[in-house]
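Structure first, commentary second.
Below, read A as the first sequence line, B as the second, and so on, with proteins coming before strands; counting in each chain starts at 1.
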Number of protein chains: 2
Amino acid sequence: MGSALSSTAPAPGASDGSSAAATPAFSPLYQQIKALLLHSLQNGEWKPGEPIPSEVELAARFRVSQGTVRKAIDELAADNLLRRRQGKGTFVATHAEQHVSYRFLRLHPDRGNPDADGPAERQILSCQRLRAPADVAVALGLRAGDTAVQVLRVLAFQGRPTILEQIWLPGTPFKGLTLEVLTQDQGPMYALFESQFGLSMVRAEEKIKAVAADPEAAERLGVAPGTPLLSVERIAYTYHDTPMELRRGLYRTDHHHYRNHLS
Amino acid sequence: MGSALSSTAPAPGASDGSSAAATPAFSPLYQQIKALLLHSLQNGEWKPGEPIPSEVELAARFRVSQGTVRKAIDELAADNLLRRRQGKGTFVATHAEQHVSYRFLRLHPDRGNPDADGPAERQILSCQRLRAPADVAVALGLRAGDTAVQVLRVLAFQGRPTILEQIWLPGTPFKGLTLEVLTQDQGPMYALFESQFGLSMVRAEEKIKAVAADPEAAERLGVAPGTPLLSVERIAYTYHDTPMELRRGLYRTDHHHYRNHLS
DNA sequence: CAGTGGTCTAGACCACTGG
DNA sequence: CAGTGGTCTAGACCACTGC
C-alpha cells in the first residue's frame, strides 16, 4: 500500500499529478480503494448479506471517480468477497444464502444434479476445547499450547453417511462455541461463524489424497475397514489471508465424486 | 448472439441510441467483440504463443473504443485464453511455455516447492486407434463406432512411477498421432496438440474418486494391489467448449497430493 | 524514443429493480 | 419514477519494454 489515502482525508494524487512521495512500489489508486474496502469488510462495517454503499457514494467518500471504485469492487466481486446485483446494489458475500449447496464443498452425487441429494443430514459427534497439537498450531498460526476447539461431525446424504470431518478452530476467536450451539444450528457451519463470531471464511486451500479407511472411520462411515477414501485437508482463510480453520475430512466416493474446474 | 456486428461493417448501436432491433436478449458490445476474438483464436488467425494485434489496432478494426476491446480482452485473459504483458503486448496462451510445471496438473509433491521434483519422466506404453467405447463416445461427442485414439502412459517423478493415464482423443482431429510422434516429443502433451494438430486445450473438468489399485495398475505404479489411489477423470475442452480429450488417471498419493484452491 | 498495456477521469446513456 | 449497477466513449497520462 504505502499510501496516505484514508477515508476521512483522502488525497488521491493521481488526477492532480502531485504524487510527491517517492514510492518505490507503484500502487494503483483502485488497489488502495480495494484495500480500504477490505478493511471495512474486516472491521464489520458492512456485514455478510448487507449492501455496501453505492458506487457513487463510495466515489464521493474516497474523492475518486466512479470508474475507479468500480474497478476495486470488480476485483472484490471476482474474488467472491462481494456480490453485485444490477439494479439493487453490491452486497457482502455470505455462506448463509448461497445459491445452491455449500460453497466450499466440492463433493457431488454421481447421478443427478449437484443438489439432488437434498440437504445434508448433520450429526455433531463432539466439540472439545483442547491444547492444539503442534501441526494444528502451525496451520492456524497459534503458539504451542494455545487452546483450540475440535469438532467432530458426520454428514450424511440420503441416509448414507458420507463425510467424516475433524475441524480445528482457534480458541480465542471462537470463544463460546459449544456442542449445544452447533447442534441447535441449522444451515452451513460457515454461516454460523459469520453470524455468531463475525468471522467470514473467504477462501480455502485443499490438499487431497487417497487413503484407506481405518477401523474407526470405517465404522463412522459405514464402510469396510481399508475402503479407499478421499482425504481432504482444508485450510480456510478470513480477510487478509488469516488462517482460521483446519478441517480434515474423509469422503466416501462410492456414490459421490469431488469435482474441480481447471483453466 | 443475435447482433449485426461484423469485422468488416460494424455498427455498434450503443453510442448513437439507434438500436432498433427488438433483441430480447441484450448483448453488450464488448461481449460481441469477445466472441469475434474467440473466433479468430479458434480459426488460428493468431497461434498459441503469438501476440494478437494491439488494443488500438483492434479498436480501429472493430470501430469501437479502446476501452471496449480492453474489457473483451480482460475477460479472455481472466479465462486464461490470453496473457497480457505490460509494455509488450497481449499473447495467445499456450501450454508450451507455461511458467512452471504443467498447467492442468494439480498434483504437487508433499515436501518442497511445486516443481521440486523436476520434470516428469514420461513413458508411453501404447498408442492405438480403436472404435470408441460407448462412454468415451458420449464424453467426446462422437457417434457410436467412430474411431478414437487411445494412449496409455506413465509419469514418474524422481524415479517413482506416480501417474498412470489412459487418454482418449477423437480420431479425426488427431489423425497422424502415433506412438513415434508421442515418444519423440519433449514437453507437455498439450503443447504437442497445439503445434501438431492446432488444438488448444482451454479448460477442463475433473471428477475425483478414491479407488483401490487393481493388479495391473498396481504393477505399473509399483504399489501393492489394493493401495488407495486417486482416480481423476478429466474432460478437456477447446475453444467454444468443445470436448476434445477424455483422460483417466490414477495418481499415487503417498508422496504427492492433489491441490485445489476454493473461493 | 516509440509502442505497448495500465490507470484515471468525466460524462452520457442503458438495463434492471422496486416503490 | 428514482436509484442501482452496467456499458461505452474520448482523452489524458503513467509504467513498462525494447530498439
Side-chain angles (χ1 to χ4, degrees), chain A residues 3 5 10-35 37 46 50-60 62-78 82-92, chain B residues 2-3 5 10-35 37 46 50-60 62-78 82-93:
Chain A
S3 161
L5 189 61
S15 58
D16 54 1
S18 67
S19 46
T23 48
F26 166 69
S27 171
L29 237 194
Y30 78 90
Q31 288 286 5
Q32 305 176 31
I33 303 295
K34 184 180 172 183
L37 295 175
W46 314 304
E50 293 179 1
I52 72 172
S54 73
E55 295 180 356
V56 290
E57 197 171 332
L58 290 171
F62 297 134
R63 311 287 194 86
V64 155
S65 85
Q66 184 180 349
T68 299
V69 326
R70 191 168 178 74
K71 183 148 186 177
I73 293 177
D74 276 345
E75 289 205 354
L76 293 170
L82 296 177
R83 195 149 233 96
R84 319 194 72 146
R85 286 188 237 164
Q86 181 172 148
K88 300 182 69 174
T90 301
F91 299 78
V92 183
Chain B
S3 162
L5 189 60
S15 58
D16 55 0
S18 67
S19 47
T23 48
F26 166 69
S27 171
L29 237 194
Y30 78 89
Q31 287 286 4
Q32 305 176 32
I33 304 295
K34 185 180 173 184
L37 295 175
W46 314 304
E50 293 179 1
I52 72 172
S54 74
E55 294 180 356
V56 290
E57 196 172 333
L58 290 171
F62 297 134
R63 311 287 194 84
V64 155
S65 86
Q66 184 180 349
T68 299
V69 325
R70 191 169 177 74
K71 183 147 186 177
I73 293 178
D74 276 345
E75 289 205 353
L76 292 171
L82 296 177
R83 195 148 232 100
R84 320 194 72 146
R85 286 189 237 163
Q86 180 171 149
K88 300 183 68 175
T90 301
F91 299 77
V92 182

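Both A:Pro28 and B:Val56 sit near DNA chain C, but only B:Val56 has its closest nucleotide nearer the 5' end. Nearer to the 5' terminus of DNA chain D, by closest-nucleotide assignment, is the contact made by A:Ile73 (compared with the other of A:Ile73 and B:Gly87).
Residue A:Ser54 has its side chain nearest to D:dG5 when only D:dG5, D:dT9, C:dG6 are considered. Closest approach to the A:Thr90 side chain among C:dG5, D:dG5, D:dT7 is made by D:dG5 (side chain taken as heavy atoms from C-beta onward). Considering only the side chain of A:Tyr30, C:dT7 comes nearest among C:dT7, D:dC8, C:dT9. Closest approach to the A:Gln86 side chain among C:dG5, C:dA15, D:dT9 is made by C:dA15 (side chain taken as heavy atoms from C-beta onward). You'll find that the side chain of A:Ser65 is closest to C:dA10, out of C:dG6, D:dC8, C:dA10. Picking from D:dA15, D:dG5, C:dG5 the nucleotide with the shortest atom distance to the side chain of A:Phe26 gives D:dA15.
When the P atom of C:dT9 is taken as reference, atom CD of A:Gln66 falls 11 Å away, rounded to whole Å. Rounded to a whole Å, the CZ atom of A:Arg85 is 13 Å from the C1' atom of C:dG18. Nucleotide C:dG5 holds its C1' atom 12 Å from the CG atom of B:Leu58, rounded to whole Å. Nucleotide C:dG5 holds its P atom 19 Å from the NZ atom of B:Lys71, rounded to whole Å. The CD-P distance, from B:Glu50 to C:dT4, rounds to 17 Å in whole Å. Nucleotide C:dT7 holds its P atom 12 Å from the CG atom of A:Asp74, rounded to whole Å. One can place CD1 of B:Ile52 at 12 Å from P of C:dT4, the figure rounded to the nearest angstrom. Atom P of nucleotide C:dC14 and atom CD of B:Gln31 are separated by 19 Å, given to the nearest angstrom.
Contact check, B:Lys88 against D:dG18: a side-chain N or O comes under 4.0 Å of OP1 or OP2. Considering only side-chain N and O atoms, A:Thr68 lies under 4.0 angstrom from the phosphate OP1 or OP2 of C:dT9.
Across all strands, B:Arg70 comes closer than 4.0 Å to base atoms (heavy-atom distances).
C:dT4: Watson-Crick or G-U partner is D:dA15, with both key distances under 3.5 Å.
In this structure, CZ on A:Arg70 lies 12.0 Å from CG on A:Leu58, to the nearest 0.5 angstrom. Within the model, atoms CG of B:Leu29 and CD of B:Gln32 stand 5.5 Å from one another, a figure rounded to the nearest 0.5 Å. Rounded to the nearest 0.5 angstrom, A:Lys71 NZ and A:Ser65 OG are separated by 11.5 Å. Interatomic distance, B:Thr90 OG1 to B:Arg85 CZ, rounded to the nearest 0.5 Å: 9.5 Å.
The shortest side-chain heavy-atom distance between A:Ile52 and A:Ile73 falls under the 4.5 Å cut-off.
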